[in-house]
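Below is one structure, written out as structure tokens, with a few remarks after it.
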4 protein chains.
Amino acid sequence: MSASKRQQILDAALVLFVQQGLEGAATAKIAKAAGVATGTLFHHFANKQELISALYLQIKRQMADTLPPLDTDARTLEMASAIWQGAMAWALAHPDKIRFLLAYYQSPFLTAETRKTAKFETLGFVLELLQMGRKEGVIADHPDDLMMEMCHTLFMTSAAYFIDHPQLREDADHQQAAMAMFWNALAKPGHQI
Amino acid sequence: MSASKRQQILDAALVLFVQQGLEGAATAKIAKAAGVATGTLFHHFANKQELISALYLQIKRQMADTLPPLDTDARTLEMASAIWQGAMAWALAHPDKIRFLLAYYQSPFLTAETRKTAKFETLGFVLELLQMGRKEGVIADHPDDLMMEMCHTLFMTSAAYFIDHPQLREDADHQQAAMAMFWNALAKPGHQI
Amino acid sequence: MSASKRQQILDAALVLFVQQGLEGAATAKIAKAAGVATGTLFHHFANKQELISALYLQIKRQMADTLPPLDTDARTLEMASAIWQGAMAWALAHPDKIRFLLAYYQSPFLTAETRKTAKFETLGFVLELLQMGRKEGVIADHPDDLMMEMCHTLFMTSAAYFIDHPQLREDADHQQAAMAMFWNALAKPGHQI
Amino acid sequence: MSASKRQQILDAALVLFVQQGLEGAATAKIAKAAGVATGTLFHHFANKQELISALYLQIKRQMADTLPPLDTDARTLEMASAIWQGAMAWALAHPDKIRFLLAYYQSPFLTAETRKTAKFETLGFVLELLQMGRKEGVIADHPDDLMMEMCHTLFMTSAAYFIDHPQLREDADHQQAAMAMFWNALAKPGHQI
DNA sequence: AATGAATGAGAATTCATTCAT
DNA sequence: CATGAATGAATTCTCATTCAT
């Protein structure tokens with residue numbers, strides 16, 4: 001019951017944050033939407049900032065948990081493609097979560113701490129994928145951190161694009177173009193698709 | 001005098017928005033920082049939202065105005081490279097402006113209207129560049145709007161990266177990697193760098 | 001406790017509204033006078049307008065509750081006289097409430113909705129009295145709604161008059177004149193006093 | 001031209017005051033509606049209060065000027081009826097002016113001074129009419145000031161009633177009822193209509 | 001754990017009025 | 001006379017947070 005109230009609050013918060021912004025969504029509104037009392041929110045989260053951080057981390061973890069495990073025997077392109085498609089399917093099934101990540105990635109409400117935790121927890125596999133691709137000779141030899149930033153942004157932009165244009169979700173041209181641009185940005189010359 | 005007060009307000013707003021967030025920067029603080037009365041802010045901008053939109057559009061226009069004109073006789077790669085470098089130089093010279101654009105591109109404070117205006121006014125040249133590249137046979141044949149989104153995001157991410165890591169600005173590896181990923185995302189197979 | 005804070009606010013509001021006008025009486029002043037925090041006022045009343053409406057309706061109801069019950073076996077003139085005297089006694093005992101009703105009956109701060117509710121809730125007995133008088137053959141046969149407006153205004157004007165001229169409250173001439181004008185306005189020819 | 005600007009301001013003020021209240025109608029809005037600059041309003045009226053008073057007095061005078069002159073040879077009932085009809089015709093032709101008088105008669109924005117001036121200037125003829133009626137033996141012998149208050153209020157209430165129910169303006173029953181209640185309130189027993 | 005009334009600092013915005021042009 | 005940008009105090013309302021029940 002109590003765990004469920006915590007989750008009810010997180011669920012309501014997500015919706016309101018996306019609709020009305022981080023400050024537009026007052027804690028009282030969130031509590032009401034969650035069907036709990038104002039005070040209850042503060043039993044589960046020390047303050048609003050912690051609620052936001054908890055939500056951010058939860059979403060990041062949910063997305064990470066959904067991805068297929070890295071198979072180091074597979075070809076990098078195939079592995080990347082499988083992950084891309086898994087992540088995209090999850091993104092399209094949870095548009096509010098993507099919007100939340102996008103909108104508040106830069107917010108002063110999110111501590112550097114939270115951002116860092118999220119990055120390490122959820123972007124680790126990207127690094128492995130890049131290294132796997134270099135071994136295979138298909139991924140360019142650019143600095144890791146820059147490549148990781150690009151991976152992140154290319155995926156999030158694509159996801160946002162398909163969320164904003166739902167009629168294009170099934171469009172093979174667009175879907176394949178998004179993945180191609182992603183891959184080609186990372187690929188070593190001669191290994192484009 | 002009046003135009004100058006308006007600009008003073010925009011200048012102060014930029015600094016405070018980047019430092020304290022859109023909601024953390026109260027209109028009274030902005031006015032004070034600008035050296036004008038609170039009422040004056042609302043004389044020039046109907047409300048805070050309009051101030052934010054005006055600032056967003058002004059920055060977008062400033063950046064657009066700074067770029068070299070499109071030379072359709074040049075080779076696309078060279079043209080793209082010149083624009084990239086021009087834009088990057090401007091970005092590094094105006095880090096707050098880039099941070100502002102990045103942080104609030106997704107904010108609910110920015111109306112769809114404003115975003116759209118900004119896009120049309122300032123991303124037009126990207127479309128021309130893509131078409132020029134297709135004629136030359138070096139740019140991939142993906143849907144225009146998706147490619148434009150990617151151009152935008154790849155550039156902004158790179159700019160943010162170099163702003164956050166000032167010591168890498170002169171690093172040829174990183175600089176060249178950023179531009180390479182940008183170009184390769186867009187290029188037709190066989191025209192990577 | 002909570003009901004009492006709500007009532008403290010209504011009490012303070014009445015005094016300040018009458019002294020300083022609806023707009024002159026700032027919500028902060030009202031809260032202070034009531035001995036509660038600003039926020040508390042808005043916890044009990046969604047906004048200033050609702051406070052005003054609530055106050056208006058409460059006063060109307062208090063006045064209605066104070067009047068003697070209609071005795072349909074009595075003669076109409078005696079019944080009317082009893083009600084008039086009861087209402088007048090209440091009015092003189094609560095001058096601020098009468099002043100408030102008078103001053104803001106026409107105010108744009110009062111919604112048509114509130115005015116209508118007040119009318120239906122508190123003027124119902126007037127209608128019954130008129131009908132009783134018609135059966136007895138002593139009340140004129142004018143349209144009901146017009147007669148009700150006149151009853152209302154004749155009473156309120158008289159009450160205001162005696163409130164503004166306290167020394168005339170005990171003056172039989174004036175008191176009797178007021179009641180006579182009221183009755184004669186309504187009476188059928190031949191039944192004047 | 002300048003006299004016309006003054007009148008433009010008064011005209012615009014009337015409309016806005018009735019629509020939005022005395023405080024809801026900002027001087028800047030009034031000036032805009034009048035087609036003049038903010039500063040111009042303050043050239044013609046020292047402050048907002050003076051604008052309101054000037055408007056109040058102007059309307060009162062306009063109404064007074066419209067009434068037929070008192071003919072002391074006529075029968076009082078006929079004279080009263082002629083004045084009532086003249087005043088009612090003017091009221092129905094200028095509903096906003098009546099609404100303004102009604103709504104702000106009690107406003108703290110109107111000084112006691114202004115109210116008094118208005119009363120003396122425009123209600124003098126009522127006193128004469130009452131005295132004429134007493135000579136004729138048709139008007140009751142109640143205290144003058146109370147009777148004058150009642151005359152004023154009975155007329156204003158009737159006017160407001162017909163303004164709020166435009167479809168009843170031509171209704172003989174209602175029109176005659178209003179005048180009858182007015183007259184009967186004042187008449188000596190035996191002279192009712 | 002859960003509740004929700006109470007708090008009061010702080011936010012955006014308004015507005016009468018002034019004054020240099 | 002006319003203008004309208006500038007002023008800054010004042011206003012309504014919000015909101016994260018607390019705490020007695």
Side-chain angles (χ1 to χ4, degrees), chain A residues 1-6 9 22-32 34-51, chain B residues 1-6 9 23-32 34-51, chain C residues 1-6 9 23-32 35-51, chain D residues 1-6 9 23-32 34-51:
Chain A
M1 182 88 177
S2 143
S4 113
K5 293 217 171 186
R6 191 188 145 93
I9 293 168
L22 250 26
E23 313 235 8
T27 50
K29 279 191 223 164
I30 295 171
K32 194 169 193 181
V36 304
T38 355
T40 306
L41 191 153
F42 289 92
H43 267 290
H44 290 285
F45 306 95
N47 50 46
K48 193 176 182 179
Q49 217 175 124
E50 291 237 329
L51 166 62
Chain B
M1 180 91 179
S2 137
S4 117
K5 296 225 168 185
R6 191 187 145 94
I9 293 167
E23 321 236 11
T27 51
K29 282 190 221 164
I30 296 171
K32 194 168 194 181
V36 304
T38 2
T40 307
L41 191 155
F42 290 95
H43 188 72
H44 289 285
F45 306 95
N47 49 48
K48 194 175 179 178
Q49 194 154 164
E50 290 232 333
L51 166 61
Chain C
M1 179 94 180
S2 136
S4 116
K5 295 226 170 185
R6 191 188 146 94
I9 294 167
E23 321 237 9
T27 51
K29 281 190 222 164
I30 294 171
K32 195 169 193 180
V36 304
T38 1
T40 306
L41 190 154
F42 289 97
H43 188 71
H44 289 284
F45 306 95
N47 49 47
K48 194 175 179 178
Q49 192 152 169
E50 290 231 333
L51 167 61
Chain D
M1 183 85 178
S2 141
S4 114
K5 293 218 170 184
R6 190 187 146 93
I9 293 168
E23 313 235 8
T27 51
K29 279 191 220 162
I30 294 171
K32 193 170 194 181
V36 305
T38 355
T40 306
L41 191 154
F42 289 91
H43 267 291
H44 291 284
F45 306 94
N47 51 46
K48 194 176 180 177
Q49 217 176 123
E50 291 236 329
L51 166 61

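In what follows, every heavy atom counts, from backbone to side chain, and hydrogens, waters and symmetry copies are set aside.
- Under the 4.5 Å side-chain criterion, counting only non-hydrogen atoms from C-beta, L51(A) is in contact with I30(A).
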Pairing pattern in dot-bracket form [Watson-Crick, G-U; both distances under 3.5 Å; | = partner strand] for DNA chain E
.||||||||||||||||||||

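- Counting distance only, with no hydrogens placed and no angle test, the side-chain atoms of H43(A) and the base atoms of dA1(E) include no donor-acceptor pair under 3.5 Å.
- The shortest side-chain heavy-atom distance between T27(B) and F42(B) falls under the 4.5 Å cut-off.
- The nucleotide whose nearest atom lies closest to any side-chain atom of A37(D) is, among dA6(E), dT3(F), dT3(E), dT3(F).
- Nearest heavy atom pair, residue E23(A) against residue K48(A), reads CA-NZ, 3.8 Å.
- Residue T38(D) holds its OG1 atom at 10.5 Å from NE2 of H43(D), rounded to the nearest 0.5 Å.
- Nearest nucleotide to the side chain of K5(C), out of dT7(E), dA2(E), dT3(F): dT7(E).
- Considering every non-hydrogen atom in both A31(B) and A37(B), the closest pair reads CB-O, 3.9 Å.
- What separates CZ of F45(D) from C1' of dT18(E) is a distance of 18 Å, to the nearest Å.
- With hydrogens and angles disregarded, a donor-acceptor distance shorter than 3.5 Å links the side chain of K29(C) to the backbone of G24(C).
- The side chain of K32(B) places no N or O atom within less than 4.0 Å of a non-bridging phosphate oxygen (OP1 or OP2) of dG8(F).
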Identify each atom pair where a protein N or O and an N or O of nucleotides 12-16 of chain E are less than 3.5 Å apart, giving names and distance.
residue : atom : partner : partner atom : Å
dA12(E) : OP1  : K48(B)  : NZ           : 2.6
dA12(E) : OP2  : T27(B)  : N            : 2.8
dA12(E) : OP2  : T27(B)  : OG1          : 3.1
dT13(E) : OP2  : K48(B)  : N            : 2.9
dA16(E) : OP1  : K48(D)  : NZ           : 2.5
dA16(E) : OP2  : T27(D)  : N            : 2.5
dA16(E) : OP2  : T27(D)  : OG1          : 2.8

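- Atom CG of L41(C) is separated from atom P of dG8(E) by 14 Å (rounded to the nearest Å).
- Protein atom NE2 of H44(D) is 6 Å distant from nucleotide atom P of dC1(F), rounded to whole Å.
- Taking atom CD1 of residue I9(A) and atom C1' of nucleotide dT3(E), one finds them 12 Å apart after rounding to whole Å.
- As rounded to whole Å, 15 Å separates atom P of dA11(E) from atom CG of L51(B).
- We find that CD1 of I30(B) is positioned 18 Å from P of dG8(F), with the value rounded to whole Å.
- Between I9(D) and R6(D), every side-chain heavy-atom pair lies at or beyond the 4.5 Å cut-off.
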